[in-house]
Amino acid sequence: MAKLIDGKAVSQKVKDEVRAEIESKGLKVGLAVVIVGNNQASRVYVNNKKKACEVCGIQSFEYALPEETTEKELLDLVDTLNNDPKVNGILVQLPLPKQINEENVIARISPIKDVDAFHAVNVGKIMIGNYSFLPCTPAGVMELIHSTGTDVTGKECVVIGRSNIVGKPMAMLLLHENATVTICHSRTKDLAAVCRRADILVSAVGKADFVTADMVKDGAIVIDVGMNRNAENKLCGDVKFDEVEPKASYITPVPGGVGPMTIAMLMKNTLAAKYLQS
Ligand code: NAP
């Protein structure tokens, strides 16, 4: 039987540390969250980010723009926020409506306020291992792995998924900690055999019940980044939990695993941004 990795508890510890540092140093830290349109999932994420700001003693500034907002209007807002000293971090909630080019918006955010670490400057810094911000979800996964007391050095790690937001930076953070890393994707041959090599298996695919017991080595650490809806419309991850859990040594639940960590790491990045700008 696997031990559950409690993302709620680990994320609470991260948020408590952020709050303690802000309070003890009397810092004024601000995060601007921009949401465009009516995407319900985005609205939930934004509300959770606002709540986390309250918990951490970070001032949040919310900008809710209508669905028909033009790219120029959004870029003008980003310029304003880039120049506002009360705003240390800027987060533009993705996805954006079709008329707005996401790459242009990310490129416009000042790299020292880019708390999602999506800007090409920050992506490049992560690649060379000299970074100001770590991408929130992969950084949260590293915290969860550390919480098990596992030393990643020399471990076989397999990441399923190669997105710019999760898969690629995830692999890079594991590599920085001296893991032997394999990245899998939809063209990978004999995925199950590759995954069975993993001491640490991270799934970031976005498909319910994707990771089955035959893909998991006995005693592996299994981290489920996926956030999906099952047939009953319940939130679930990528991992077929019931059959994988007995084989794993540690496993993250969904919900209550990686999700809360992403927001906690955003809070940590916002504090880091404050220092970068001081
Ligand atoms: P994405 O951009 O859609 O990437 C999915 C990846 O999975 C792609 O690289 C794709 O390969 C790969 N894939 C798809 N089908 C596959 C298959 N049959 N075999 C092997 N690989 C396959 O998604 P994402 O943005 O990285 O997000 C992944 C999941 O994580 C989603 O469920 C998302 O909601 C969740 N997520 C959670 C958090 C959190 O805070 N918990 C944060 C971000 C994302 P190709 O590149 O070849 O197409």
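First listed ligand is number 1; within each ligand, the first listed atom is number 1.
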Of all the heavy atoms in [X], does at least one lie under 4.0 Å from an atom in ligand 1?
X	value
T188	no
G167	no
M261	no
I165	no

Which heavy atom of the protein is the closest neighbour of [atom], given with residue, atom name and distance?
atom	answer
atom 25 (O) of ligand 1	S163 OG, 4.0 Å
atom 10 (C) of ligand 1	S186 N, 4.4 Å
atom 42 (C) of ligand 1	T137 OG1, 3.2 Å
atom 29 (C) of ligand 1	G206 N, 3.8 Å
atom 17 (C) of ligand 1	F210 CZ, 3.4 Å
atom 36 (N) of ligand 1	V225 O, 3.6 Å
atom 8 (C) of ligand 1	R162 N, 4.0 Å
atom 34 (O) of ligand 1	M227 O, 3.5 Å

If you measure from [atom] to every heavy atom of [options], which option wins on shortest distance?
atom	options	result
atom 43 (C) of ligand 1	I263, V166, I160, N164	V166
atom 23 (O) of ligand 1	I183, V205, V141	V205
atom 39 (C) of ligand 1	T262, L191, D238, V194	T262
atom 28 (C) of ligand 1	G237, A204, C184	A204

Taking 4.0 angstrom as the limit and counting only heavy atoms of [X], give me the atoms of ligand 1 inside it, by number and element.
X	value
G161	6 (C), 7 (O), 9 (O)
V258	41 (N)
N228	32 (O)
G259	40 (O), 41 (N)

Has the side chain of [X] got a donor or acceptor atom that lies under 3.5 Å from a matching backbone atom of [Y]?
X	Y	value
T252	D224	yes
Q99	E67	yes
E243	A213	yes
N269	L134	yes
N82	R108	yes
K274	V29	no
Q277	A273	yes

Any chance you could lay out the salt bridge (charged side-chain N to carboxylate O under 4.0 Å, His left out) test for E54 and K50, step after step, and finish with the verdict? CA-CA 6 Å; E54 276 168 38; K50 273 169 66 182; over 6 Å; no
Spacing of CG belonging to D209 relative to SG belonging to C236, to within rounding of 0.5 Å: 6.5 Å
Pairing donors with acceptors under 3.5 angstrom, does anything connect the side chains of K49 and S60?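 The criterion, which ignores hydrogens and geometry beyond distance, is not satisfied for S60 and K49.
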Assess whether atom NZ of K8 is packed by more than 12 heavy atoms of other residues, nucleotides or ligands within 6.0 Å. no
So that I can tick it off, tell me whether E62 and K51 are bridged by a salt bridge, with the cut-off set at under 4.0 angstrom between side-chain N and carboxylate O. no
Do the non-hydrogen side-chain atoms of K86 and K28 ever get within less than 4.5 Å of each other?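 In short, these two side chains do not touch, never coming nearer than 4.5 Å.
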Say whether R187, considering both its backbone and side-chain N or O atoms, lies within less than 3.5 Å of an N or O atom on ligand 1. no
